[in-house]
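What follows is a set of notes on a single structure, which appears directly below.
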Amino acid sequence: MKRQYLTVIAILSLYATFFCGAGAENNSTLSLEGAAINDSGFRPNIDGFSFQNYGDDPVTVDLTATELQRMFGDKVCASTADGKCTLTYPAERWMNQAISAMKNGHCEGIAVLSSLMYYNETNPGIFGGSSVIDLSLQDVLLQREIGYWWATQVTRPGGSKKVLDSPQAVLDTLAAAFGNGPGSGEWWVMGIYLPDGSGGHAITPYAVEDLGNGTARILVYDNNWPKDSRFIEVDTINNSWRYLASASPDEPNSLYSGNASTRNLEIVSLSSRLGLQECDFCDEKSAASSSAGQGAGQGTKSIQIWQSGKARALVTDENGQRAGTLESGQLVNEIPGAEIRNLKFGLPDMGSSYPPVILLPLALINDSHLAIDINSTANGSQKNQADTTIIAPGFALASSVPNLGQGQNQSMDLFSEGESYNVSLSANRQLSPTISIDTNYQRIILSGLMIDPSGRINISMDPDLGAFCMSTLGNLKPGTLQLLMTSLDPASGASSTFKSLDLMLRPDDNVSMDFAGDFGEAGSPSLAVSRKNGGKQEMSLQTISRNVPAQIPTDLTKDMPKIADANNLTSSNNMTSSKAPGSIQSSGGDMSGSGMSTPSIPSSTGMPSMGTPTFP
């Protein structure tokens, strides 16, 4: 049932109702007299964190194998020997991509976790405080929990269920949810973006205020402004919105605004993040995948493309349909079933130009191919390391270009044949990327290669057969290859590492390796090189280390208290005095006549549990 609250604040500013002035101050001092309020009861100075959004300072532990196992199930583990999850190499690659990205800002994890704590889905006592505002970022478990919820913006169904049709649709959905106070059947985190999709920031909405005359406010907890109450202003007549994200509208990119056509204001469901998530990099063949707790069903697998550095990625399928970032900087998505996930960081000058993650249906590379173009967006002579990572079930390939300069381009052609993944790399100018290829149990790193504008590097990997092949098609000076291979033992989680001697390559050389089977106590894999002139050369890899036990950090807490099973998300435990609206007194009634429609919100019955976080 909707609730209407009225309050009178004694001290008012003449300019409090103006957007720019309000955005620059603590908006909790604004008058709510005569306003119709749908209020969840969340209060930033009680239910928000005391610390600000952060990037790579301070140094934090964001994710470990434990978080991935909790998120996706045992299938992320190459081994669970002695009860310890040793990640498959594609799982480790995905985790490191997420960690690297969130160093640009943790706003998503902070916004999600504060809401989950308020709605009684987890307990601040686990992290050393009686309330959220008491928690310290020095707590490593809290760091990891924030990292966990940050990562769910990239998962399915975690980041998939959203409302972004228009500011009015967002307003209506929140009004309906907050009309039930702390007993809401669905909860939302809000994403705001600049009109071009950059500058993503996650904040926590907690109340909707109808001021009349076509003006409404969405009250928010912005984790860049701890303890403050702030608001987004919505013009319901023009279906537009605006938000001042800094203390001054003169600061670059501080004013966020949009309308129904820009679609840069969204709310994303929290309930869809609570269950086990679908795992795009799991192929169900890892040693631990037959264990219990295998997650959210297989659904439709995706290929994920992560890009970093000053570069834009654009994917084109065989029909000429595109997904990614155009030369103009605008996003395009013409490929059926594809998704573009703009990541949310929320820190000024950090992550504002971080490329989105592109999710593509796996079926697109079955007997077909995708062309991936990586174009530099760098200006001037400043060094620009650009890393492109392709992640698929049981497979990952990463290409790291030390300096993708202005005007430079790297292209990848991706397709599959049976169980093998095939990638062909080319460039418009000479490049020397470091290339890493992952299967569940092997990681092969290639360095010293050169790609000429006239040539290609073709790579084929068949995880089932344990077969690797690389050719230097058309390259006039393909370079001197150094190959490093690390292999995991699924029975113990131990790893062994091997390397090749420097191998001078010639145009159209073919390099192959069979890494299937056990190399024994003294054996090692071998390389075979086939020359264009018919010559052949074979060499065994040198052993660097053998059967090194998996390194699990010993300075992290091994146990944590159990969280009560939250089958009923609106239990009476939520309705404590600390959750009641602070300065807004209930007067009954509803928002009839407010002009806000009330779409139905899913019942909490049957919503998935978030599970019990456990830590090594």
Which atom names give the shortest non-hydrogen contact between [X] and [Y], and what distance separates them?
X: Ala550; Y: Thr86; value: CB-OG1, 3.4 Å
X: Ala91; Y: Leu68; value: O-CD2, 3.4 Å
X: Gln277; Y: Ser272; value: NE2-O, 3.3 Å
X: Leu63; Y: Ala151; value: CD1-CB, 4.4 Å
X: Lys383; Y: Pro402; value: CE-O, 3.3 Å
X: Gly394; Y: Pro463; value: O-CG, 4.1 Å

### Message
My understanding is that only residues two or more places apart in sequence, or in another chain, count here; which of them pass side chain to side chain contact (heavy atoms under 4.5 Å, CB included) with Asn533?
### Response
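Arg506, Arg531.
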Taking atom types as modelled, find out whether [X] and [Y] have a side-chain donor-acceptor pair closer than 3.5 angstrom.
X: Gln408; Y: Ser376; result: no
X: Ser257; Y: Arg242; result: no
X: Gln410; Y: Ser399; result: yes
X: Asn409; Y: Asn375; result: yes
X: Ser526; Y: Glu538; result: no
X: Asn384; Y: Gln382; result: no
X: Thr262; Y: Asn264; result: yes
X: Thr389; Y: Arg93; result: no
X: Thr66; Y: Gln69; result: no
X: Gln442; Y: Thr439; result: yes
X: His106; Y: Asn53; result: no

### Side chains of Ile457 and Met470 in contact at under 4.5 Å (non-hydrogen atoms)
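In short, these two side chains touch, coming nearer than 4.5 Å.
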### Minimum side-chain heavy-atom gap Ile305-Ile391 below 4.5 Å
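No, their side chains stay 4.5 Å or more apart.
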Any donor and acceptor pair, going by atom type alone, linking the side chain of [X] with main-chain N or O of [Y] inside 3.5 Å?
X: Asp196; Y: Gly329; result: no
X: Thr472; Y: Asn475; result: no
X: Ser269; Y: Ser271; result: yes
X: Gln482; Y: Thr480; result: yes
X: Asp462; Y: Leu465; result: yes

### Task
Would you indicate whether Met539, at its atom CE, is surrounded by more than 12 heavy atoms from other residues, nucleotides or ligands within a distance under 6.0 Å?
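It does: Met539 CE has more than 12 such atoms within range.
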### Task
May I ask you to check whether over 12 heavy atoms, not counting those of Lys499, lie within 6.0 Å of atom NZ?
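12 or below, so no.
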Calculate, to the nearest 0.5 Å, the distance between atoms [atom1] and [atom2] belonging to [X] and [Y] respectively.
X: Leu541; Y: Thr497; atom1: CG; atom2: OG1; result: 11.0 Å
X: Asn428; Y: Ser411; atom1: CG; atom2: OG; result: 7.5 Å
X: Arg70; Y: Tyr148; atom1: CZ; atom2: OH; result: 4.5 Å
X: His201; Y: Cys107; atom1: NE2; atom2: SG; result: 5.5 Å

### Query
Quick check, are the ring centers of Tyr441 and Phe515 under 6.0 angstrom apart?
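Distance test on ring centres: not under 6.0 Å, no.
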### Query
Centres of the Tyr354 and Trp306 rings: under 6.0 Å?
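They do not qualify: ring centres at least 6.0 Å apart.
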Among [options], which residue satisfies the side-chain contact (heavy atoms from CB on, under 4.5 Å) criterion with [X]?
X: Leu473; options: Asn458, Asn510, Asp509; value: Asn458
X: Arg443; options: Leu488, Asp438, Leu484, Thr88; value: Asp438
X: Leu265; options: Leu164, Ile192, Val163; value: Ile192
X: Trp150; options: Leu343, Val112, Ile110; value: Leu343

### Message
Between Arg156 and Asp280, does the salt bridge (Lys or Arg N to Asp or Glu O under 4.0 Å) criterion hold? Intermediate values first, please.
### Response
CA-CA 9 Å; Arg156 291 177 299 116; Asp280 285 335; 2.5 Å; yes
### Task
Determine, stepwise, if the pair Tyr421 / Ile390 fulfils side-chain contact (heavy atoms from CB on, under 4.5 Å).
CA-CA 11 Å; Tyr421 289 96; Ile390 301 168; over 6 Å; no
### Message
Which residues pass the salt bridge (Lys or Arg N to Asp or Glu O under 4.0 Å) test with Asp165, not counting sequence neighbours?
### Response
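Checked Asp165 against salt bridge (Lys or Arg N to Asp or Glu O under 4.0 Å); matches are Arg263.
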### Query
When the ring planes of Phe72 and Trp94 are compared, do they come out parallel, tilted or perpendicular, using 30° and 60° as the limits?
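Perpendicular, since the angle between the ring planes exceeds 60°.
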[X]/[Y] ion pair, N-O < 4.0 Å:
X: Lys301; Y: Glu278; answer: no
X: Lys103; Y: Asp56; answer: no
X: Arg312; Y: Asp373; answer: no

